[in-house]
Structures are given as C-alpha cells and as structure tokens.
Amino acid sequence: MKKTDTEALSMTEALKILYQDEWLVAIDKPAGHLVHPAESPQDDDLVAMKILRDQIGKRVNTIHRIDRPTSGVLLFGLEKQATKKLHKALELHDFDKSYWAVVQGKAPAEQWQCHQPIQKEDGAPVREAHTSFRVLESRKVEALASLEEQCAGHGDILTLIEAIPHSGRFHQIRRHLLHADIPIVGDYRYAGIETCDRIGELLASGTRMLLQAKSLTLDHPITGDKLTITAPLGPNFLRCFPSLAE
C-alpha cells in the first residue's frame, strides 16, 4: 500500500520521547513503525528500536510489543537490571495498559467484557483472553452519511472506545472488537479493505488504523515509584472527535 508523501515525511522524523531516565525510556510509537526488525526485513522498514538507539546514542532493550499499525506508548529498558525486572513485571501482568480505539457504529453497551478465546493461527492452541471495554464518546459524523445503512443502520456513527486488556493474545483488542461487530476504523485485516478505503477517504484519515496504546502504568523497576506514561492523541483521533482538543 503506497504511503502519501506527507505520511512518508512524518515517519522519518525523530521519535517523540514520553519519558526517560537512566534505566528506561518510553516513546510514542508512530503507526507503521515496527518495534524490532522483522523476520523478513524490507528496505523501507522503519524500526523503532533502531531509530531510538541512534537517536539517544544508547543500546535499548525491547520490553513489550504493539502491532505495527498501532501507535502509542512503547517502553524500552536502558540498563540490564531494570530490563530484567521489567520483563518479569510484564510476565506477571503487573503492567496496566489502556488503549483507545475509534470504531464505526454503536457499541453493544456503555461497558462490557469480552472473554472470546483467541487462536493465533490454524493449528495453534486456543488461548483464553479477556478485555474490558467502555465507551468514551459517540457521535454522528456528517461525512459518513452515505454509510448510514451500514452497521445495523448506524454506519454514520463513530464511537471512541477505551480497551483494557487483561491478557496479551494475538491482535486481542482488534479481534474482540470484531467479535462485537465494531471493528476498528482503518483495520484492514479485520474491517476489510473496501470498507477501510472508503472510510479513510470520507474521514481524510488515510490508511492509518485508529488504535492507540494510550497509557501504561507500572512500578518503576528501580525506585518502586508508580509511573504512568501517556501518549497524546494523534491528529486522526482529533479529527474524528474534535471535542478532545478542547
């Protein structure tokens, strides 16, 4: 899928650092960046780990992952002991993660839980999965009027969802929202190419998936202090929900 000149330019800029000390660093990962090198790397891959290493002049260690099309808070370790403790905290699910997603249509409830099991691929084990969802805002969008008949007659509605994953399965939030019949705007894998292209054109949001790792809360691995790192909303989220900019 071809990137626009504007998108290509923005993706070459320095990464936004949300938090940094001598033990760890967190960035606002842009949509389209890989966390670490792919198994089959391409010449035009943008790898957050490598860009950050060169940007701060230090070796960085990946702590967790977020999908390539997802933007938001991404944490790295800078020191061996801190990295080891962060990996252990992740293993014990001691990180609290909040994601924001824009979906087309009405949510099934103001708050709900999804326990739909997830299988990464055919033949792989079926794993238990649990995500909590709540509606943050919902609005009719005039630009989507031609899609009103979609989504049980609510195709002209955009809903901003907060998702809290209680497990870390493959594409968990994306697949649990699909299970609720409200796939994420711009999620080409689960919402469909034709639908994503049409909505991206109508909203002027292009080909970006509107899922953001909004915040990460953890105990600092060295000081023990409670640390919450939050990413600012990107322009496509603000375009969909202008009130968030007020």
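- Taking the side chain as every heavy atom from C-beta outward, S71 and Q212 approach each other to under 4.5 Å.
- Defined by atom type and a distance below 3.5 Å, a donor-acceptor pair is missing between the side-chain atoms of T131 and Q113.
- Under the rule for a ring pair (Phe, Tyr, Trp, His ring centres under 6.0 Å), the partners of F133 that lie at least two apart in sequence or sit in another chain are W112.
- Within the model, atoms NE2 of H179 and NE2 of H115 stand 10.5 Å from one another, a figure rounded to the nearest 0.5 Å.
- The side chain to side chain contact (heavy atoms under 4.5 Å, CB included) search around D156 returns K140, L144, E148, not counting sequence neighbours.
- Atom NZ of K29 sits about 10.0 Å away from atom CG of L46, to the nearest 0.5 Å.
- In terms of heavy atoms, S215 sits closest to T230 at CB-OG1, 3.8 Å.
- Results of the side chain to side chain contact (heavy atoms under 4.5 Å, CB included) test with Y19 over L227, T228, I27 single out L227 as the only residue that passes.
- Counting only heavy atoms from C-beta outward, the side chains of S146 and L202 approach each other to under 4.5 Å.
- Side chains of C196 and T207 form no contact here, defined as non-hydrogen atoms less than 4.5 Å apart.
- Applying the 4.5 Å side-chain rule to ILVMFWY residues, one finds L178, Y190 in the same cluster as F170.
- R239 approaches S205 most closely through the heavy-atom pair NH1-CA, 4.2 Å.
- Between D28 and L15, the closest side-chain pair of non-hydrogen atoms is not below 4.5 Å.
- Using a 4.5 Å cut-off between side-chain heavy atoms of Ile, Leu, Val, Met, Phe, Trp and Tyr, with links allowed through other members, V25 and V73 fall into different hydrophobic clusters.
- The structure places CD1 of I173 at 8.0 Å from CD1 of I164, a figure rounded to the nearest 0.5 Å.
- Residue M49 is not grouped with residue L75 when hydrophobic side chains (ILVMFWY) are merged at heavy-atom distances under 4.5 angstrom, including chains of intermediate members.
- Scanning both residues, A26 and I229, for their nearest heavy atoms gives CB-CD1, 3.7 Å.
- A single hydrophobic cluster is seen to contain both L160 and L238, as judged by linkage of ILVMFWY side chains at heavy-atom distances under 4.5 Å, directly or through other members.
- Taking 4.5 Å as the limit, some side-chain heavy atom of R53 sits within range of a side-chain heavy atom of K50.
- Atom NE2 of H64 and atom CG of L86 lie 9.0 Å apart (nearest 0.5 Å).
- Taking both residues in full, the closest heavy atoms of R65 and V35 are given as CA-CG2, 4.2 Å, listed atom of the first, atom of the second, then distance.
- With hydrophobic clusters built from ILVMFWY side chains whose heavy atoms lie under 4.5 angstrom apart, L34 shares a cluster with L211.
- Residues W23 and L52 do not share a hydrophobic cluster, clusters being chains of Ile/Leu/Val/Met/Phe/Trp/Tyr side chains in contact below 4.5 Å.
- Judged purely by distance below 3.5 Å, without hydrogens or angles, the side chains of S243 and E137 pair a donor atom with an acceptor atom.
- Residue pairs meeting the salt bridge (charged side-chain N to carboxylate O under 4.0 Å, His left out) criterion with at least one member in residues 172-185, sequence neighbours excluded: D67-R174, R174-D187.
- Under the side chain to side chain contact (heavy atoms under 4.5 Å, CB included) criterion, R127 pairs with P125, R169, sequence neighbours left out.
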Exercise answer: donor-acceptor pairs, residues 76-84 side-chain atoms, under 3.5 Å, sequence neighbours excluded:
residue, atom, partner, partner atom, Å
E79, OE1, Q81, N, 3.2
E79, OE1, A82, N, 2.7
E79, OE2, Q81, N, 3.3
T83, OG1, N61, ND2, 3.4
T83, OG1, E79, O, 2.9

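- When the salt bridge (charged side-chain N to carboxylate O under 4.0 Å, His left out) test is applied to R139, no partner is found at least two apart in sequence or on another chain.
- Every residue two or more places apart in sequence or in another chain that forms a side-chain hydrogen bond (donor to acceptor under 3.5 Å, both in side chains) with S138 is listed here: T159.
- Using a cutoff of 4.0 Å between basic side-chain nitrogens and carboxylate oxygens, D45 and R68 are scored as salt-bridged.
- Partners of K58 according to the salt bridge (charged side-chain N to carboxylate O under 4.0 Å, His left out) rule, which considers only residues two or more places apart in sequence or in another chain, do not exist here.
- A heavy-atom distance below 4.5 Å is found between the side chains of I17 and I56.
- Taking every heavy atom of both residues into account, A231 and G72 meet most closely at CB-CA, 4.2 Å.
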Throw together a table of side-chain donor-acceptor distances under 3.5 angstrom for residues 92-111, partners on residues two or more places apart or in other chains.
residue, atom, partner, partner atom, Å
S98, OG, E162, OE2, 2.9
Q104, NE2, Q150, OE1, 3.0
Q104, NE2, G155, O, 2.9

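- Contact annotation: the side chain of K226 approaches that of D219 to within less than 4.5 Å [non-hydrogen atoms, C-beta and beyond].
- Checked against ring pair (Phe, Tyr, Trp, His ring centres under 6.0 Å), H87 has no partners two or more places apart in sequence or in another chain.
- The CG atom of L158 sits 11.0 Å away from the CD1 atom of I161 when rounded to the nearest 0.5 Å.
- I51 is listed as a side-chain neighbour of H33, based on a closest heavy-atom distance under 4.5 Å.
- Annotation: the span from M209 atom CE to T70 atom OG1 amounts to 3.5 Å, rounded to 0.5 Å.
- Legend: ring-ring contact (aromatic ring centres under 6.0 Å, His included) pairs involving residues 140-166, not counting sequence neighbours, sorted by first then second residue: H130-H166.
- Between the side chain of R134 and the main chain of A163, no donor-acceptor pair closer than 3.5 Å is present.
- Heavy-atom minimum distance, A129 versus S167: CA-OG, 3.2 Å.
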